[in-house]
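What follows is a short report on a single structure.
Note that the coordinates shown come from a computational prediction; the quantities given were computed from them, not determined experimentally. The first residue in the sequence is number 1, and the count goes up from there.
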Amino acid sequence: MTQLHDLTALDQQAALRAGEISPVELVSHYLTRIERLDDGLGAFVEVTAETARQRASVLAQSAPEGTLWGLPFADKDLVPRAGVPTRFGSRLHERFVPDVTGDQAAVLDEAGGISLGKTNTPEFGLTGYTETRIAPPARDPWNTANGAGGSSGGAATAVAAGLLPFAPASDGGGSIRIPAATVGLVGIKPSRGRVPFASALDSPGGLPVAGPIARTVADAALLLDVQVGGRDYAYATRAPGAESFLDAIGRGAVSARIGVTCVSPWDEDDNIVLDADAARAVDVAAALLTGSGHDVDALDWRPRGYARMFTTLWRTSAARMALTDEQLTHVEPITAWLAREGRALTGAQVLDALAAATVFERETITAFAPVDAVLTPALALPARPIGWFHPTDPAENFSQQVRSAPYSSFVNVAGLPAIVVPVTLDASGHPVCVQLIGRPGGEATIIALAAALEERVGRMPRPAVWDQ
């Protein structure tokens, strides 16, 4: 028997608008699943059941208005919501309750969405895994001995387990794509400047942007359209009235030139070993795209000098956090290490890294210019066991994150859009994703290509918890 969470977000949207289900019914369904299942998953750090039901009741008394009218979502716990604890994954903020709602949440509210609470995230969103001192780890629903990646780990867990239809997330070095790929979902990292309220234009190197995690490409496009369409267009690279990303799927992918590479910019500085299943997924995706009439060929790309530049940028970002020396003794070892390392940098080192990032961006865009999209692995390694990332040696911890996900952060440095999408299964039946990287502002192309891959692959299986 089909359950409400079996429906895609688009199907739920249609059913809500047709009056076949009510916002109250849909919200209650998801809240019941969260209450029953999340203890073993770690997707949520706060559930706002009463507030969600009240909002659903109010919406049910009105005509459908807004793209997300009646659809549930949850805020990543880096995003403030007035009256709701916002902990940023840190013991330092265990009791913090903001009185102002952040734009990333407000935009979805204005579109008619209903927040069910806060999803799990690592401390200040700094790591590619979601294990903290203040909450249970976010787990991969396919195998709960493994983590869900990060920093949007709770969001990915919730969507993969059928606790949400989709989820807003953020990505400063892979934080949408790493967890989405870890649990076999679709995740979109938009171009720098694409999402007005999370443009990355105000951060060192222009790294962090907002985007969606979803089960299908169309559901991800639906949420991205809302995120891009919200608030001030003055800071966005997409003009009002431009074609929606959901419409781009309907139009289909025209014949495209696609470059393929398994090279990562970390290769010359770390021991990157590509998992066999990840490599096979790239081969399968390339064959499917070729069979769909696209021109697919190897891309000659050999970046140099990336590791030093990116680690300087990441440490600089951590150093900007307003933490006292006393507070640094209470945060995670990796947080304290990054902040202290960042504060030890000289102005000249930071400026050199920013200049190197600009050169890397220009050289990468130039290298990718002959093609419409670049196909890479999404991850080098599959989901890592809980506790695999070193708890007390920050340098080794950082290196482990690089070895696990070396194909993510460079896309942020280059300011390019990217999408991960599942295309194969490993021996255990776990989905394996690939990544498609687009040209600046080229989200529509890679979304259409990912949708075409999704159609060729067919329906992916779901973890056992889905049917519970």
Please enumerate all residues that pass salt bridge (charged side-chain N to carboxylate O under 4.0 Å, His left out) together with Asp352, with sequence neighbours excluded. none

Non-neighbouring partners of [X] that pass side-chain contact (heavy atoms from CB on, under 4.5 Å), sequence neighbours left out:
X	value
Ala43	Asp38, Thr157, Ala158, Leu163
Pro370	none
Ser317	Pro204

Which donor-acceptor pairs under 3.5 Å do side chains of residues 300-309 form with protein atoms, sequence neighbours excluded?
{"unit_1": "Tyr306", "atom_1": "OH", "unit_2": "Ser409", "atom_2": "O", "d": "3.4"}
{"unit_1": "Tyr306", "atom_1": "OH", "unit_2": "Ser409", "atom_2": "OG", "d": "2.7"}
{"unit_1": "Tyr306", "atom_1": "OH", "unit_2": "Phe410", "atom_2": "N", "d": "3.0"}

Looking at Asn412, Val402, Leu207, which one forms a side-chain contact (heavy atoms from CB on, under 4.5 Å) with Phe310? Leu207

Please answer whether the main-chain N or O of [Y] pairs with a side-chain N or O of [X] as donor and acceptor at a distance below 3.5 Å.
X	Y	result
Asn120	Pro136	yes
Ser255	Gly293	yes
Arg194	Pro440	no
Arg439	Ala369	yes
Ser152	Ser175	yes

Side chains of Glu443 and Ser191: any donor to acceptor distance under 3.5 Å? yes

Please check if any side-chain donor atom of Asn397 sits under 3.5 Å from a side-chain acceptor atom of Trp337, or the reverse. no

Quick one: side chains of residues 278-288, donor-acceptor pairs under 3.5 Å with protein atoms, not counting sequence neighbours, listed by atom name and distance.
{"unit_1": "Arg280", "atom_1": "NH2", "unit_2": "Leu425", "atom_2": "O", "d": "2.7"}

Residue of the set Lys189, Lys76, Arg177 for which salt bridge (Lys or Arg N to Asp or Glu O under 4.0 Å) holds with Asp171: Arg177

